[in-house]
Protein chains: 2
Amino acid sequence: MAGNVGELGEFGLIRELTSRLPRTAAVEVGPGDVAAVVAAPDGRVVATTDVLIEGRHFRRDWSTAYDVGRKAAAQNLADVAAMGAVPTALLLGLVTPAELPATWALELMDGLRDECAVAGAAVVGGDVVRGDTVMVSITALGDLQGRRPVVRSGARPGDKIAVTGWLGWSAAGLAVLARGFRSPRAFVEAHRRPEPPYQAGPAAAQLGATSMIDISDGLVADLGHVAAASKVHLDLRAADFDVPAQMADIGQAVGVDPIVWVLSGGEDHALVATFPKEVQLPSRWRVVGEVLRPAEGGRVTVDGAPWERTAGWDHFGS
Amino acid sequence: MAGNVGELGEFGLIRELTSRLPRTAAVEVGPGDVAAVVAAPDGRVVATTDVLIEGRHFRRDWSTAYDVGRKAAAQNLADVAAMGAVPTALLLGLVTPAELPATWALELMDGLRDECAVAGAAVVGGDVVRGDTVMVSITALGDLQGRRPVVRSGARPGDKIAVTGWLGWSAAGLAVLARGFRSPRAFVEAHRRPEPPYQAGPAAAQLGATSMIDISDGLVADLGHVAAASKVHLDLRAADFDVPAQMADIGQAVGVDPIVWVLSGGEDHALVATFPKEVQLPSRWRVVGEVLRPAEGGRVTVDGAPWERTAGWDHFGS
């Protein structure tokens, strides 16, 4: 596909984009109609939306269009999984300058499609409009399969805190990229293309998780929302986290204590959940802390002390 | 609310935005969690998404934030209605410069909320990120209540074409605004705040509509999609449209034949549907043409001839 999206035109681009999309059994009306129709067998639908902007959430010189697609899909599908639901569908709003190479848009769609396939979902619709900056707006839908949704507000004193998925890998990869390096590959790849543990979300709901979120802004920052919503104190034990040797090596090379990546790094879309103490967790979950009764409002500590090392990310912060 | 969104911060803004939102019975988990959970009693969910960009889809000097919200919601909720579904929920992706007055964002949300209320839906979630231009990305969900979705591809030769809602009013209002006038109010208001005939969508599905869309880009342009998807020839009769006297007056004042607004004007989100000839239509529907067997591919004509007067809107066109 030669040329840019301006030459292809709105409808030409939509035709090319939708021609790449398979349908799943859950899709009754797919892309190309006024709206999509997707199965919601549970009788409820889980829905979440995120916006990614070039220069802020991705850089075209650091990530391919395909990786941006994988990542944009992953972060939304992970939100669905964090509710305890199985992802079913994804919608795309794409803002693009007329000069954007058409291949970029098509590879973005390939990335969305392939990440959806990993999670069992399908791209079912979207919108394409012209703007000055590339912007990708995603909405993901999911099905609870009869389960109770796992919300932020359910953590109870005495619960254990457990994590599953990659923690700090994306942040370590970003640190590498920001210093002009392209390796170690595993970390750079983790930054470019997170691998959320989709299946662990519904499974955690089944196991009786009392609260769950995916880690997008950093573990401590994201747990802050759980602490506030559940009105509890969440205490993490730094020594209980897994800091792989390779991560320690990079940390040494770039002068960062890798526990900062693990506790404050976002974008891996690992899952963190609270479970009643008596629940036997499968080995994919690692217990890293405990829910305490709050002395004062909801808060998060590490080994009993406040954690103040670059905890997370406020989009309007400097 | 004084100050701008940068001063309020991401989480402060989200807190203010979500505090304005009522829940409906359909909302099990509303704004503020990882994802929303919305009733989908039909066992399927209708989903559609649209992106609006400042300078392209709205101007802050021509429309208030409240009106942008009403309009952004309306165009998505109308898509849901055009499938024959009842709108249930709406998600917002908001891109905003840090300098945007916080009141603008809050009034936008008020507009979304109030338009949702008209359609029976609720704002259930969203995302807020910083960017250079104000951008509003909306996803709307709906429930089919057991009906078959009405798609673009169902029009059959012999069907009649009928419209309901306002046609050409928004375009006439835009013509007035573009010339620096603020009246006649009815047209300017129609441009600022469309009133889609939400209830007519599900009702049309019930009456046996064979195809349906809402008019966003212009009647002839949008019917082009129906003609192509259904592989039929759609012929409109210009004389059967209602051109109100006030619209004729403005047309004369600005030198535009008002039938151009009616046939080519977008953004009113009127509904156009095809029905089997024998269906008795309630008075809100106006029959304006007929579905013919195509001599060649799908096409749309007016009184048997091609319609070439500014038909619609390609976002990448010049």
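Note on naming: letters A, B, ... go to the chains in the order of the sequence lines (proteins, then strands), and numbering restarts at 1 for each one.
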Region of A:Ile53 that comes under 4.5 Å of a non-hydrogen atom in chain B: side chain
4.5 Å side-chain heavy-atom contact, B:Thr49 and A:Thr49: no
Results of salt bridge (charged side-chain N to carboxylate O under 4.0 Å, His left out) for B:Arg59 - residues two or more places apart only: B:Asp61
Any side-chain heavy-atom pair of B:Met135 and A:Thr133 under 4.5 Å: no
Portion of B:Ala47 that has a non-hydrogen atom of chain A nearer than 4.5 angstrom: both
From B:Leu91 atom CG to A:Ile138 atom CD1, the distance as rounded to the nearest 0.5 Å: 13.0 Å
Partner chain B: residue of A:Ile213, A:Val151, A:Leu144 with the largest heavy-atom pair count (under 4.5 Å): A:Val151
Set of side chain to side chain donor-acceptor pair (under 3.5 Å) partners for A:Asp214, sequence neighbours left out: A:His269
Under 4.5 Å from any heavy atom of chain B - which part of A:Leu52: neither
Members of residues 32-42 of chain B whose heavy atoms come closer than 4.5 Å to chain A: B:Gly32, B:Asp33, B:Val34, B:Ala35, B:Ala36, B:Val37, B:Val38, B:Ala39, B:Ala40, B:Pro41
Contacts of B:Arg147 that satisfy salt bridge (charged side-chain N to carboxylate O under 4.0 Å, His left out) - sequence neighbours left out: none
CZ/A:Arg15: more than 12 non-hydrogen atoms of other groups inside 6.0 Å: no
Proximity breakdown for A:Met212 and chain B, heavy-atom pairs closer than 4.5 Å: backbone
Euclidean distance, A:Asp132 CG relative to B:Glu54 CD, rounded to 0.5 Å: 11.0 Å
Euclidean distance, A:Leu94 CG relative to B:Ser137 OG, rounded to 0.5 Å: 11.0 Å
Contact leader toward chain B among A:His225, A:Glu28, A:Arg152, where contacts are heavy-atom pairs under 4.5 Å: A:Arg152
Portion of A:Val29 that has a non-hydrogen atom of chain B nearer than 4.5 angstrom: side chain
Winner by heavy-atom pair count (cut-off under 4.5 Å) against chain B, out of A:Val45, A:Val95, A:Val46: A:Val45
Residue B:Leu92 versus chain A: region with a heavy atom under 4.5 Å: backbone
B:Arg148 atom CZ, neighbour heavy-atom count above 12 within 6.0 Å: no
